[in-house]
Amino acid sequence: MESEFLAKIVKINLRHNFLQHLLAAIGIVILTPVIFETSSLDGKLAAQPLEMFLCLSGAILFTPIFLPEQDENIRDLIRSKRTNYLAVCAVRFAYSAVVLAAIIGGFTFFMRACESAVGWQHFFGAFVTALFLGALGFLGAGISGNVTVGYMVAMIYYIANFTLKDKLGNFYLFSMSSGSGDGKLFLLAAALLLVAAVFEWKRVREG
C-alpha cells in the first residue's frame, strides 16, 4: 500500500470514524480519578483504576472498527476501491492500539506523578486487559455485523469478572488488583488470536 494513500486513509478515518470514539475514551480517562483514588497508592491498589475502569477504553476503541461498513452502501463503495477493505480495517485497528497505549501510558504517568507506586508492569497489565476486552467487542461486532452486539459481549464479560473470579483463571481481567498480575500473557495471546480469527473470518466469509 502506497504511503501517501495510506496517510489519506488514516486522515479520513480519524476524522469521520474515530473522533467520537476517541472522545468517549477520553471521557473514561476523565471519570477514572473521580471514581477511584489515584494518589499515594501501593502497587495493588494502584492497579484498580487501571484494570477496573480504564480498561473500558479498549472496548470503546476496538469494537466499532467495522462500524462504517454496517451501512451496506458504504460497504459496497469501499469494496469498489482499489484498496483492500480488510487492509483499511487493519489500519483502523493499528491506530486504535496506538491511541490506547497513549491513553494508558499517560494515565500511568499521571498516577506516578500523584505518588502512586505504578511502573511498566501496571502499564503493560492495563494495556493487555483493555486490549483483550476490546478484542471481545471486536469479535462480537465482526462476527455479528452489529456493533451493539460487540459492546454487549465485552460488557457481559467485564461484569462477569466481578463474580466469576475463581472460574476465569488466567482470563481474569483484574489479576493485578488481586496482587498477582498472573495471566496477562494469556490475555495478550488470546486477544491477538481473537483479532486474527475475526480478520480471517471476514476474509473467508466476505472476501
Side-chain angles (χ1 to χ4, degrees), residues 21-65 93 96-141 149-195 198:
H21 308 300
L22 173 60
L23 292 176
I26 291 174
I28 292 292
V29 175
I30 293 171
L31 283 174
T32 302
V34 175
I35 298 174
F36 291 88
E37 179 60 56
T38 56
S39 301
S40 304
L41 303 176
D42 62 25
K44 182 177 178 180
L45 291 176
Q48 291 183 4
L50 292 166
E51 277 189 323
M52 293 185 170
F53 197 67
L54 200 62
C55 69
L56 293 173
S57 59
I60 290 172
L61 294 175
F62 292 112
T63 303
I65 283 176
F93 192 94
S96 296
V98 171
V99 169
L100 178 64
I103 285 174
I104 293 178
F107 198 84
T108 303
F109 276 114
F110 165 74
M111 291 188 67
R112 191 173 183 85
C114 293
E115 301 183 346
S116 289
V118 293
W120 69 268
Q121 69 275 17
H122 286 82
F123 164 77
F124 176 76
F127 177 79
V128 169
T129 301
L131 180 65
F132 180 74
L133 197 62
L136 288 175
F138 182 73
L139 174 71
V149 173
Y151 283 124
M152 289 176 61
V153 170
M155 290 309 300
I156 288 171
Y157 191 84
Y158 173 76
I159 293 170
N161 277 262
F162 290 97
T163 58
L164 299 177
K165 172 184 175 181
D166 296 332
K167 295 183 179 180
L168 293 175
N170 287 321
F171 297 98
Y172 179 56
L173 296 179
F174 311 140
S175 58
M176 285 196 306
S177 301
S178 298
S180 67
D182 294 340
K184 295 303 181 184
L185 290 179
F186 287 93
L187 289 181
L188 176 60
L192 296 177
L193 286 173
L194 287 175
V195 172
V198 174

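This structure is a prediction, so every number in the text was calculated from the model and none was measured. Residue numbers start at 1 and run along the sequence shown. Reckoned from all heavy atoms, side chains included, excluding hydrogens, waters and symmetry mates.
With sequence neighbours left out, the side-chain contact (heavy atoms from CB on, under 4.5 Å) criterion links Val149 to Ser144, Asn146, Val153. In this structure Phe110 satisfies the ring-ring contact (aromatic ring centres under 6.0 Å, His included) test together with Phe107, sequence neighbours excluded. Remark: Tyr151 engages no residue in a ring-ring contact (aromatic ring centres under 6.0 Å, His included) (not counting sequence neighbours). Under the side-chain contact (heavy atoms from CB on, under 4.5 Å) criterion, Ala101 pairs with Phe123, Phe127, not counting sequence neighbours. Listed by chain and number, the residues in a ring-ring contact (aromatic ring centres under 6.0 Å, His included) with Phe138 are Phe66, Phe93, Phe199 (sequence neighbours excluded).
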For a quick test of your reading: what N or O donor-acceptor pairs under 3.5 Å do the side chains of residues 39-48 make, sequence neighbours left out?
unit_1, atom_1, unit_2, atom_2, d
Asp42, OD1, Lys44, N, 3.2
Asp42, OD1, Leu45, N, 2.8

Please list every donor-acceptor pair under 3.5 Å in which a side-chain atom of residues 182-194 meets a protein atom from a residue at least two apart or in another chain.
unit_1, atom_1, unit_2, atom_2, d
Lys184, NZ, Glu51, OE2, 2.7
Lys184, NZ, Thr129, OG1, 2.6
Lys184, NZ, Leu173, O, 2.9

Listed pairs under 3.5 Å, donor-acceptor, residues 23-33 side chains, sequence neighbours left out:
unit_1, atom_1, unit_2, atom_2, d
Thr32, OG1, Ile28, O, 2.7

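With rounding to the nearest 0.5 Å, the separation of OG in Ser57 from NE2 in His21 is 14.0 Å. Rounding to the nearest 0.5 Å places CG of Leu50 at 9.5 Å from SG of Cys55.
Here side-chain hydrogen bond (donor to acceptor under 3.5 Å, both in side chains) pairs that include residues 98-111, with residues two or more places apart or in two chains, number zero. Residues in residues 116-130 take part in no salt bridge (Lys or Arg N to Asp or Glu O under 4.0 Å) pair, two or more places apart or across chains. Identified under the side-chain hydrogen bond (donor to acceptor under 3.5 Å, both in side chains) test for residues 110-122, with sequence neighbours left out: none. Identified under the side-chain hydrogen bond (donor to acceptor under 3.5 Å, both in side chains) test for residues 185-194, with sequence neighbours left out: none.
Side chains of Leu54 and Pro49 form no contact here, defined as non-hydrogen atoms less than 4.5 Å apart.
Partner of Phe132 under the ring pair (Phe, Tyr, Trp, His ring centres under 6.0 Å) criterion, out of Tyr157, Phe174, Phe62: Tyr157 alone.
Contact record, Ala154 with Leu136: CA-CB, 4.5 Å, taken as the closest heavy-atom pair.
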